2 protein chains.
Amino acid sequence: MATYKYPRPATTVDIIVFTIRQNRLHILLINRGIEPFKGVLALPGGFVNTSETLFAAAQRELKEETHLSDFHLKMFGIFDDIERDPRDRVLSVGFYAIIPSHDIIVEAGTDAENVDWYVYEDLPALAFDHNKIVDLAFKTLISDLENSSLPSKFLETEFTLAEFQKVYEIILTKEVDKRNFRKWINSTDYFVKTDKLKSGGQHRPAALYKIKSSDDETIKNSVQSTQNEMSQITDTSSETDYQQGYQSGFQQALKNVTNFVNKTQP
Amino acid sequence: MATYKYPRPATTVDIIVFTIRQNRLHILLINRGIEPFKGVLALPGGFVNTSETLFAAAQRELKEETHLSDFHLKMFGIFDDIERDPRDRVLSVGFYAIIPSHDIIVEAGTDAENVDWYVYEDLPALAFDHNKIVDLAFKTLISDLENSSLPSKFLETEFTLAEFQKVYEIILTKEVDKRNFRKWINSTDYFVKTDKLKSGGQHRPAALYKIKSSDDETIKNSVQSTQNEMSQITDTSSETDYQQGYQSGFQQALKNVTNFVNKTQP
DNA sequence: GCAAAAGTGTTCCCGATACACCCATGC
DNA sequence: GCATGGGTGTATCGGGAACACTTTTGC
């Protein structure tokens, strides 16, 4: 290894905060108050200190800039283009966060002139390579929908199945079959029907569901820990030559490893 | 954002080089020539310069320490435990490489007293948190077997189906059904039968296959580009509460995004 | 009673799996 | 001719997907 005296790239974290408002997926952006890209929209984020993990840095930055503190947080990528920051060599580690719609807090912090929500599908050009980071965040979010407990992070602790289904439909921009959706809900042991009902309009009240857990508060205010590891490099280019590998006879073996565990931490 | 004057973590790359020797999965380790962990086995790797991408750093380090230059290379994780390096705050980005068995070159470089192959299943305690890094590299390799073209990187450009099947069996430590395996080979359009045969012993010669590609050399000497992005945080802890998410009606949509493209670059 | 959303089962299809025998060659 | 690995097809099963009607409430 080289010594410690060489110039080293700096490291930042950038956070894509997803929420759903008015039936559309939104992300949180700041209007940059300083150069470079002053006045341009950018992701919340900032430099990583030497005394904190990447997760801690992401939590700290998001709190500083938006006063949000509890959310589902997940590392999804690293961005290392040499010229991605005009000032210096800066690596960035991307995180995405999910907050329920009712938790919306928008309050500019130190570095941000302005913080606001923007419709995901209609984003302008962002500072640095942040459009690229957002793209990968969204792709990761989509693939993470397979983790069943994830989409309920967009909702309050108790939710109707119609609301839950709507989350999928909004993110995927695709209609979902109600019967199959409910069949799947029952096939997992992730959700339980509470004995409460939600009445809303001139129709039959809907049963409220919640995540099955010994500790509801842990779920609601969770930050997803990943033991500081990530995997699965992705390529955002749109070649379609992916092909499934051979699985016969060892599909189970593959599944056991492929289906990474998601663990929450308080 | 903060200014650029704060102390910053250093960034290293560590590379797990996989190959198959004597029908067993091996990885390349160096016997560290310098403190800390002098005399202890460790992964090849080193510090990232400000003028290179993480991929370039991984290629450079591997070449410096092992004189290997052409290989399949993939980023799979980031390791940021605060105390992972006793000297300083050091982030490490993990890569794995695959080289065909016949390409084996072992030659100690600048920082390594010794470089050698070790059986994956029988590794000793390594320096730093390298055991943890190796664990995730292997898990990523397993899940990447679903990318069909990947396991052929362990072989020469032309290979028999028996050899190819053996690669799966060695890595998964599990027998694979020959008929289903060949059915799958034909169902993909990744491989083509050449008109060559390989005779080897008192039995019927086997047809040689190769990856279907317009440029065979590109495949053989490829370094996998990932546009410097990675995704899919994983957790090596062994909780088993993973659950598949609901897919009905939008499984295709999910698959299109989940099945990340693997792109090669010269 | 009627509008509006909640709730509920069955059938079809495809891909994954299990499984056994003949073929071509070297000696 | 026989030992050795190469090469081939069929039947079953399970999960994903498509699909329509009854139920309960508010007005």
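FYI, side chains are in, hydrogens and waters are out, and symmetry mates aren't considered; it's all heavy atoms of this structure. Residue numbers begin at 1 in each chain, while the letters A, B, ... track the order of the sequences. This one's a predicted model, so the numbers in the text were calculated from it and none came from an experiment.
- B:Phe159 has its CZ atom 14 Å from the P atom of D:dG6, to the nearest Å.
- Distance from the side chain of B:Gln202 is smallest to C:dC27 among C:dG7, C:dC27, D:dC19.
- B:Lys198 and B:Glu158 are not joined by a salt bridge, as no carboxylate oxygen comes within less than 4.0 angstrom of a charged side-chain nitrogen.
- The side chain of B:Lys183 lies closest to D:dT10, out of C:dT25, D:dT10, D:dT24.
- Taking CH2 of B:Trp184 as the start and CD of B:Gln165 as the end, the distance is 10.5 Å to the nearest 0.5 Å.
- Of the listed nucleotides (D:dG6, C:dA6, C:dC19), D:dG6 has the atom at the smallest distance from the side chain of B:Ala206.
- Ring centers of B:Phe154 and B:Phe164: at least 6.0 Å apart, outside the cut-off.
- As rounded to whole Å, 11 Å separates atom C1' of D:dT8 from atom NZ of B:Lys193.
- Between B:Glu163 atom CD and D:dG7 atom P there is a gap of 11 Å when expressed in whole angstrom units.
- The interatomic distance linking B:Lys178 (NZ) with C:dA18 (C1') rounds to 15 Å, in whole Å.
- Here the C1' atom of nucleotide D:dG16 and the CZ atom of A:Arg179 are 14 Å apart, to the nearest Å.
- The aromatic rings of A:Tyr120 and A:Phe138 lie parallel to each other, with less than 30° between the two planes, well short of the 60° mark.
- Comparing atom distances between the B:Asp177 side chain and each of C:dA6, C:dG26, C:dC19 picks out C:dC19 as nearest.
- OP1 and OP2 of C:dC23 both lie 4.0 Å or more from every side-chain N or O belonging to B:Arg204.
- The shortest distance between the side-chain N/O atoms of A:Arg182 and the OP1/OP2 oxygens of C:dG7 is below 4.0 Å.
- The side chain of B:Asn180 lies closest to C:dT17 when the candidates are D:dA20, D:dG6, C:dT17.
- Comparing B:His203 and B:Ala207 by the nucleotide of DNA chain D that holds the closest heavy atom to each, the one mapping nearer the 5' end is B:His203.
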